[in-house]
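Only this structure's heavy atoms are used, side chains among them; waters, hydrogens and symmetry mates stay out.
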2 protein chains.
Amino acid sequence: MESLEKEAAVALDYLSRISKEAEKAFDEFLPSEKDRPCRLHEAMRYSMFAGGKRLRPALVRAAFDMFGGKGESVRYAMSALEMLHTFSLIHDDLPCIDDDDFRRGKPTSHKQFGEATAVMAGDALCILAFEMMGKTGNAKAIEILAHLLGTFGMIGGEMTDIECEGKQVDLEIVDYIHYHKTAALIEASLEVGARLANASEEEVKAIRDYGRSIGLAFQIVDDILDIVSTTEELGKDAGSDIEKGKATYPALVGLEKSRERARELYEESIKALDSLKQDTEILRSIAAFIITRVK
Amino acid sequence: MESLEKEAAVALDYLSRISKEAEKAFDEFLPSEKDRPCRLHEAMRYSMFAGGKRLRPALVRAAFDMFGGKGESVRYAMSALEMLHTFSLIHDDLPCIDDDDFRRGKPTSHKQFGEATAVMAGDALCILAFEMMGKTGNAKAIEILAHLLGTFGMIGGEMTDIECEGKQVDLEIVDYIHYHKTAALIEASLEVGARLANASEEEVKAIRDYGRSIGLAFQIVDDILDIVSTTEELGKDAGSDIEKGKATYPALVGLEKSRERARELYEESIKALDSLKQDTEILRSIAAFIITRVK
């Protein structure tokens with residue numbers, strides 16, 4: 001585990017550096033609070049600047065650089081992926097969905113601005129993300145991103161997650177939910193970065209396989225953290241998965257087996273990178289970072 | 001007025017023909033109710049097939065054909081524009097926004113499927129629209145569409161509309177709301193159709209000017225109809241604008257002046273087409289149709 005933590009430290013450095021670059025881009029591309037409709041723009045910025053690791057922008061950047069991408073398009077894509085992630089969080093937190101009051105230690109959008117503005121702020125971030133993607137000039141990347149985001153991707157996972165609350169489910173459903181709710185957008189971040197750098201189809205496939213594995217690991221680790229952490233550590237209500245009867249790995253197979261499964265997924269993610277001739281250090285370190293978030 | 005009604009009849013024929021083509025495309029592109037998440041797919045189809053004139057797809061098709069467009073991309077764009085329109089209606093009807101129970105004579109999405117599914121169905125239609133647009137291969141059209149849809153377009157108009165409810169507003173604000181809430185997406189339909197047909201920048205400008213005028217006329221006519229029609233005729237609650245204290249033309253300047261303004265906008269829309277050498281019969285007839293919806 002010690003060498004994994006050394007690797008994770010590389011990722012932490014990288015994430016810290018890229019999050020600064022990403023936040024500069026968000027500030028440039030998000031509409032000003034001085035422009036009409038001011039309050040909506042304020043709500044968009046509030047959620048975009050509420051913190052977070054900026055993992056998705058970092059994955060876009062890492063894939064783009066690894067495959068030798070050049071130019072400005074990556075900054076649009078980094079912003080788009082974080083906008084899409086933020087849109088999904090704002091809508092998930094709504095009273096009619098997860099009904100969460102806190103996110104990253106701050107009141108959720110609807111608590112701060114009211115429900116109507118929160119719905120609209122989510123919508124607006126989703127739409128702005130596609131405007132940013134339009135600016136990359138890569139229609140194929142847009143098609144794939146939207147597919148991985150829609151009902152056969154993230155939205156499908158969220159919907160199934162809601163539908164399964166309080167119900168008895170099996171591992172197949174939990175895997176379906178995890179893959180769609182979380183891994184799909186992580187996979188999309190890597191694929192968009194790779195495609196903007198004109199990676200080959202084989203390279204895209206390898207990086208998607210890596211993305212799927214770290215995405216699944218990420219969600220399992222999240223579910224473990226929900227059980228073993230305090231609310232203060234999480235910045236949101238700890239233990240809320242159990243309270244809501246969410247379909248999670250720990251609920252189904254226990255903490256120990258969940259840790260094992262996350263570790264397996266880590267190994268699979270590293271293996272997926274084998275076929276690539278590029279320098280995969282950053283991606284390997286990010287996989288290590290994900291797995292070491294939980295002791 | 002008689003010749004206008006003759007022209008409007010041409011548009012009615014056209015709309016009836018194109019709506020059949022459009023609905024065939026929707027059925028082909030919308031996910032099946034048999035695929036997971038089934039209920040979400042059902043909700044998407046429910047709202048997409050709840051009727052309506054299919055004005056936006058018809059405008060996409062009319063502009064595309066007029067500028068000599070060829071190929072399948074127009075079917076994706078026609079579907080995308082109707083999905084975006086439907087997404088905006090579903091979210092607008094939500095309890096936290098307009099709180100409407102009926103739309104086109106049927107229960108609104110949240111009444112039929114519950115609020116969580118309605119939020120998600122709107123999100124999913126918006127995202128699927130961009131997947132369709134990705135399939136057109138035209139990233140520039142996507143960028144422009146998203147811009148006209150976002151906070152400097154449709155969403156901006158809706159947000160301001162909500163914020164102004166029950167407040168004293170002036171004509172400048174009403175024009176801002178009308179242009180953004182309604183005209184922007186109508187303009188976008190025409191511009192997307194024109195761009196997919198590789199129209200020149202001058203041609204795009206002319207058709208956008210036309211679109212802005214018919215879009216503004218459309219909203220004024222809608223507001224007049226809300227006052228002079230019965231609930232049965234409208235398929236939604238008549239008189240709801242007054243009840244909610246909405247900022248409308250009739251509320252500000254009265255019915256007669258509103259009719260005059262709509263007529264002026266009609267004239268402006270026809271004038272905008274002057275510079276085009278293409279056959280503009282369909283577009284002229286659609287303008288006439290919009291203005292003759294109200295006697």
Side-chain angles (χ1 to χ4, degrees), chain A residues 31 35-41 44 84 87-88 91 94-98 110 114-160 162-163 176 180, chain B residues 31 35-41 44 84 87-88 91 94-98 110 114-160 162-163 176 180:
Chain A
D35 288 329
R36 191 191 277 169
C38 310
R39 202 172 152 73
L40 183 61
H41 292 160
M44 291 164 77
L84 292 171
F87 139 69
S88 80
H91 281 191
L94 286 170
C96 67
I97 302 184
D98 278 353
H110 62 94
E115 251 182 278
T117 304
V119 170
M120 293 280 186
D123 291 349
L125 284 170
C126 177
I127 292 164
L128 184 57
F130 284 105
E131 185 177 345
M132 296 295 108
M133 287 302 297
K135 284 181 193 285
T136 68
N138 192 319
K140 183 74 187 167
I142 296 171
E143 181 189 343
I144 290 164
L145 173 60
H147 189 79
L148 287 168
L149 191 71
T151 67
F152 295 114
M154 187 187 79
I155 295 281
E158 286 173 355
M159 192 70 220
T160 309
I162 301 166
E163 288 175 346
Y176 170 93
H180 290 81
Chain B
D35 289 329
R36 190 190 278 169
C38 310
R39 201 172 153 73
L40 183 61
H41 292 160
M44 291 164 78
L84 293 171
F87 138 69
S88 81
H91 281 191
L94 286 171
C96 67
I97 303 185
D98 278 355
H110 62 94
E115 252 183 275
T117 304
V119 170
M120 292 281 184
D123 290 349
L125 285 170
C126 177
I127 292 164
L128 184 57
F130 283 106
E131 186 177 342
M132 296 294 109
M133 287 302 297
K135 285 180 193 285
T136 69
N138 192 320
K140 183 75 187 166
I142 296 170
E143 182 189 344
I144 290 164
L145 173 61
H147 189 78
L148 287 168
L149 191 71
T151 67
F152 295 114
M154 188 186 78
I155 296 281
E158 286 173 356
M159 194 69 222
T160 309
I162 301 166
E163 289 176 345
Y176 170 92
H180 289 81

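Taking all atoms of both residues into account, the shortest heavy-atom contact from Ile127(A) to Ala146(B) is CG2-O, 3.3 Å. Contact record, Pro37(A) with Gly156(B): CG-CA, 3.8 Å, taken as the closest heavy-atom pair. Taking each heavy atom of Cys96(A) and Ala116(B) in turn, the nearest pair found is O-CB, 3.3 Å.
In this structure, chain B has heavy atoms under 4.5 Å from both the backbone and the side chain of His147(A). With a threshold of 4.5 angstrom between heavy atoms, Ile144(B) does not approach chain A through any atom at all. Of the atoms belonging to His41(B), it is side-chain heavy atoms, and not backbone ones, that fall under 4.5 Å from chain A. Heavy-atom distances place the side chain of Ile162(B), and not its backbone, under 4.5 Å from chain A. Looking at Thr117(B), the atoms closer than 4.5 Å to chain A (heavy atoms on both sides) sit in the backbone and in the side chain alike. Interface remark: Met44(A) contributes side-chain atoms only to the contact with chain B (heavy atom separation under 4.5 Å). With a 4.5 Å cut-off on non-hydrogen atoms, His180(A) does not touch chain B at all. When heavy atoms are compared at a cutoff of 4.5 Å, Asp35(B) approaches chain A solely by way of its side chain, counted from C-beta outward.
Taking the side chain as every heavy atom from C-beta outward, Asp123(A) and Phe87(B) approach each other to under 4.5 Å. With a 4.5 Å cut-off on side-chain heavy atoms, Glu131(B) and Leu149(A) do not count as touching. The side-chain heavy atoms of Glu163(A) and Leu40(B), taken from C-beta on, include no pair separated by under 4.5 Å.
Contacts with chain A were tallied for Val119(B), Asn138(B), Thr160(B); Val119(B) has the most, counting heavy-atom pairs under 4.5 Å. Highest contact tally toward chain B, considering only Ile97(A), Leu84(A), Thr151(A), Ile142(A), is held by Thr151(A) [criterion: heavy-atom pairs under 4.5 Å]. With chain A as partner, the option from Met154(B), Met120(B), Met133(B) having the largest number of non-hydrogen pairs under 4.5 angstrom is Met120(B).
Once rounded to the nearest 0.5 Å, the distance linking CZ of Phe152(B) with CG of Leu128(A) reads 9.0 Å.
Ring planes of Phe130(B) and Phe130(A): parallel class, angle under 30° (limits at 30 and 60°).
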